[in-house]
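What follows is a single structure, written as structure tokens, with notes after it.
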Amino acid sequence: MKAATLSHETDFDGWRRAARCFRTGRVSPADAVFRIGDRDAGLFDEVALSEDVEVPFGVPKAFVDVAQAVILHRTPDRFDLLYRLLWRLKDEPDLMKVVTDIDVADALERAKNVSRASHKMKAFVRFRQVEDERGEAWVAWFEPAHRVLERTAPFFVRRFTTMRWSILTPDGSAMWDGQALAFGAPETRDMAPTEDEIETFWKTYYASTFNPARLKTKTMQGEMPKRYWKNLPEAALIHELVAQSAGRTDVMVARPAAEPNPRLAKTLVRINRDRSFDEGFVPSTLEELQQAVQSCRRCPLWRDATRGVCGQGPRKAPLMIVGEQPGDQEDLAGQPFVGPAGEVLDAALEQAGIDRQDVYVTNAVKHFKHEPRGKRRIHRTPLVSEISACRWWLDAERSLVKPRVILTLGATAALGVTGRKTTVMQARGQAMAQPDGSTVLMTVHPAYLLRLPDEATRRDERGRFVEDLRRVRGLL
Ligand code: URA
């Protein structure tokens with residue numbers, strides 16, 4: 001038996017060096033031992049590893065990719081499996097394509113487990129707030145199914161760039177100080193805080209979004225395997241919520257689901273505020289505004305959106321039309337009203353004799369608020385706190401464009417423009433003078449017209465919408 005020493009559990013470079021030496025020295029897989037550190041020292045004949053041994057045949061990239069994942073698997077025989085594959089690749093260069101081969105299938109399965117563990121880490125890490133000498137920081141304890149910490153940490157850097165955080169795991173820790181990512185020693189659970197202010201909100205939020213009518217216990221456990229529950233604050237609620245689900249479903253049939261706890265939203269607004277975002281900055285052009293909104297951290301909506309979408313139209317447009325928020329297509333295109341609601345708006349503008357090119361079209365909220373459902377992103381109505389946070393941008397647009405008339409589409413736009421909750425159906429069509437000298441008119445949102453159930457109502461309501469636009473034209 002020949003042994004090679006790797007420096008740690010995920011030492012891919014060490015394994016590669018050792019495997020090359022074994023392969024060129026014709027050490028068969030049955031005789032090759034990979035050991036970590038000084039474990040089993042003295043039991044085997046140690047091979048001196050040389051840096052510049054090349055495997056004398058080509059190794060496909062597919063193998064290297066799989067090997068880099070498999071090395072993170074917790075099974076102790078992963079090094080042997082990979083070496084067996086490497087050994088066989090010399091005579092079977094297309095081996096990695098034979099997915100029914102027992103070794104290939106085993107490696108692919110382990111690579112899949114690793115990728116799943118990384119995915120679960122992205123979903124289930126829960127940070128808790130702490131204070132240190134530099135102020136607010138965030139610490140999470142996590143127990144990944146496989147050794148995916150280093151592979152997954154860059155995701156958290158991208159996601160939480162502006163926060164200082166650490167993720168502690170039994171395999172090692174990752175630390176981000178806002179500038180650089182560093183890895184350190186394994187930790188124990190007691191090194192991470194267990195409770196914080198957010199926890200209560202998080203549980204309340206989870207309970208309020210938990211939909212008993214959609215309860216599929218098996219699917220839920222598939223998505224949120226039990227092994228992760230002990231570190232998830234919301235998991236403490238699952239038994240109770242599942243037990244209550246039948247009764248709650250009956251109640252829900254009669255009553256729509258509640259809004260997430262607004263206190264949670266407010267706290268999230270506070271914790272997500274990016275200190276690098278300059279709140280004192282006042283854009284002096286629409287281009288500056290468009291750029292500045294990309295680093296807006298006034299509310300948490302930036303995190304899940306592709307970009308901030310500002311208004312579009314002439315700098316001195318006499319008419320400003322304000323919608324709710326960018327939708328799926330607007331979020332991708334970076335322009336307001338280019339999706340289905342935009343089509344309804346365009347058609348109505350044309351019927352009313354208004355050229356969209358002359359209008360400044362924008363939204364009360366600049367980021368797309370949504371939730372994932374399968375591959376789709378489903379629109380969610382912004383909270384009052386989010387609309388209020390985004391008024392700063394709308395006000396900046398108003399003071400740059402200085403429109404004479406502002407048409408609001410729907411309740412969110414009405415709130416964003418006037419700062420007051422209004423029943424649009426009541427206020428519709430009335431011209432309201434504003435302190436800045438502009439006149440506001442309110443109407444429904446074009447998405448409302450798209451949702452109407454029958455053709456006759458749709459036709460009537462579209463007619464009323466065009467009438468409202470004609471009234472706007474009359475004011476210009
Ligand atoms: N709905 C809106 O309110 N705004 C858009 O930009 C698109 C859809």
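Note that ligands are numbered from 1 as they come in the structure, with each ligand's atoms numbered from 1 the same way.
- Residue contacts with ligand 1, taken as heavy atom pairs separated by less than 4.0 Å, involve Glu324 via backbone and side-chain atoms alike.
- When only modelled atom types and interatomic distance are considered, Thr75 and Arg110 share a side-chain donor-acceptor pair under 3.5 Å.
- Using modelled atom types and a 3.5 Å distance limit, the side chains of Glu288 and Ser284 yield a donor-acceptor pair.
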Discussion item. If you apply the rule salt bridge (charged side-chain N to carboxylate O under 4.0 Å, His left out), what do you find for Arg459 with Asp454, and how did you get there?
Written reply: CA-CA 9 Å; Arg459 204 181 36 244; Asp454 64 282; over 6 Å; no
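- In this structure, atom 2 (C) of ligand 1 lies nearest to the protein heavy atom Gln325 O, 3.0 Å.
- Considering Trp138, Trp165, Trp176, Phe127 as possible partners of Phe160, the one that fulfils the ring pair (Phe, Tyr, Trp, His ring centres under 6.0 Å) test is Phe127.
- Shown in contact with Pro336 at under 4.0 Å from a heavy atom are these atoms of ligand 1, numbered in order with element: 6 (O).
- A distance-only check finds no donor-acceptor pair linking the side chain of Gln325 to the backbone of Pro382 [under 3.5 Å].
- Residue Ala341 has no nitrogen or oxygen atom sitting less than 3.5 Å from a nitrogen or oxygen atom of ligand 1, judged on distance alone.
- Atoms of ligand 1 lying under 4.0 Å from at least one heavy atom of Gly323, given by number and element, are 3 (O).
- Near His445, meaning under 4.0 Å from any of its heavy atoms, are these atoms of ligand 1: 1 (N), 2 (C), 3 (O).
- Between Arg464 and Glu461, at least one side-chain nitrogen of the basic residue sits less than 4.0 Å from a carboxylate oxygen of the acidic one, meeting the salt-bridge criterion.
- The protein heavy atom nearest to atom 4 (N) of ligand 1 is Asn363 OD1, 2.7 Å.
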